[in-house]
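Note sheet for the following structure.
Worth knowing before you read on, the calculation uses all heavy atoms, side chains too, and leaves out hydrogens, waters and symmetry mates.
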Amino acid sequence: MPDVPSNKPYLIRALHQWCTDFGFTPFIAVFVDARVEVPMEFVKNDEIVLNLSLEACHQLEIENDYIAFQARFGGVPRKIMVPVSHVLAIYARENGQGMSFPFDASKIDDLNLTNNSDGSSDKPKTGRPSLRVVK
C-alpha cells in the first residue's frame, strides 16, 4: 500500500475553521526546535502557544507541511513558521475544545536525519533555545 499522507494538516484546518465560524479563538501548541521560527523569548520548556485568530495573524497560511503567518509580539511584527509535524494541539481558547496530536521528538530527529539530501551528517543541533541580553 502506498504511503498515505497525514491527515493532521486537514484536521488543523478544519478545527481552525470551526473556531472561526463560531467566534472562538484558535490556539495551537507547538514543540519548538531549530526548524520552528518563533520568538524564542516566549518559548517555555521547548513549547509555545500561538494565537491563530484572523485578528492576530496576517497572511495566515495553513499548508500541508507548514503553518506560516505574521503577528505582533510585544508590538513588534514577527514572521512565524511552524512545521505541521511540530503542532502538538489546536484548541479554542474559550472552552478548550479541540484536538491534541501524538508527538515523539525522537521521531522528528529521525526524520531530520533521513531528509538530509546530500548524505552528509550535519552537526547535531540542540533543541534548547539560547538567550542573550539585548540592550
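- Under a hydrophobic clustering in which Ile, Leu, Val, Met, Phe, Trp and Tyr are joined whenever their side-chain heavy atoms come within less than 4.5 Å, directly or via other members, I48 and M81 fall into different clusters.
- A single hydrophobic cluster is not seen to contain both I90 and F27; linkage of ILVMFWY side chains at heavy-atom distances under 4.5 Å, directly or through other members, places them apart.
- Applying side chain to side chain contact (heavy atoms under 4.5 Å, CB included) to I67 and the options V87, L50, V30 leaves one that passes, V87.
- At distances below 3.5 Å, at least one donor-acceptor pair connects side-chain atoms of H16 with backbone N or O atoms of L52.
- In N95, the CG atom is crowded: over 12 heavy atoms of neighbouring residues, nucleotides or ligands sit closer than 6.0 Å.
- Remark: L88 CG to F31 CZ distance equals 8.0 Å, nearest 0.5 Å.
- Under the 4.5 Å side-chain criterion, counting only non-hydrogen atoms from C-beta, P83 is in contact with V36.
- For the pair R35/S85, a side-chain contact is recorded, criterion being any heavy-atom separation below 4.5 Å from C-beta on.
- Neither W18 nor I62 shares a network with the other; the hydrophobic side chains, linked directly or stepwise wherever heavy atoms of I, L, V, M, F, W or Y lie under 4.5 Å apart, form separate groups for each.
- Residue V32 is tested with K44, H86, M40 for a side chain to side chain contact (heavy atoms under 4.5 Å, CB included); the sole match is M40.
- Between F101 and V84, the closest side-chain pair of non-hydrogen atoms is not below 4.5 Å.
- Note on L54 and L15: same hydrophobic cluster, where clusters join Ile, Leu, Val, Met, Phe, Trp and Tyr whose side-chain heavy atoms are under 4.5 Å apart, directly or indirectly.
- Among all heavy-atom pairs drawn from Y91 and G96, the shortest one is CB-O, 3.9 Å.
- Summarising the geometry, atom CD1 belonging to I28 is positioned 14.5 Å from atom CE belonging to M99; distances are rounded to the nearest 0.5 Å.
- Across S6 and P9, no two heavy atoms sit closer than the pair O-CD, 3.6 Å.
- Between A71 and A56 the shortest heavy-atom distance is CB-O, 3.5 Å.
- Partners of R72 according to the salt bridge (charged side-chain N to carboxylate O under 4.0 Å, His left out) rule, which considers only residues two or more places apart in sequence or in another chain, do not exist here.
- The backbone N or O of S53 sits less than 3.5 Å from a side-chain atom of N51, completing a donor-acceptor pair.
- Put simply, Y66 and L11 are part of two different groups of oily side chains (I, L, V, M, F, W, Y) that touch within less than 4.5 Å, one to the next.
- Taking F73 as the reference, F42 meet the ring pair (Phe, Tyr, Trp, His ring centres under 6.0 Å) condition, with sequence neighbours excluded.
- Annotation: side chain of Q97 is not in contact with side chain of F24 (no heavy-atom distance under 4.5 Å).
- For residues 5-29, no residue pair satisfies the salt bridge (Lys or Arg N to Asp or Glu O under 4.0 Å) rule, not counting sequence neighbours.
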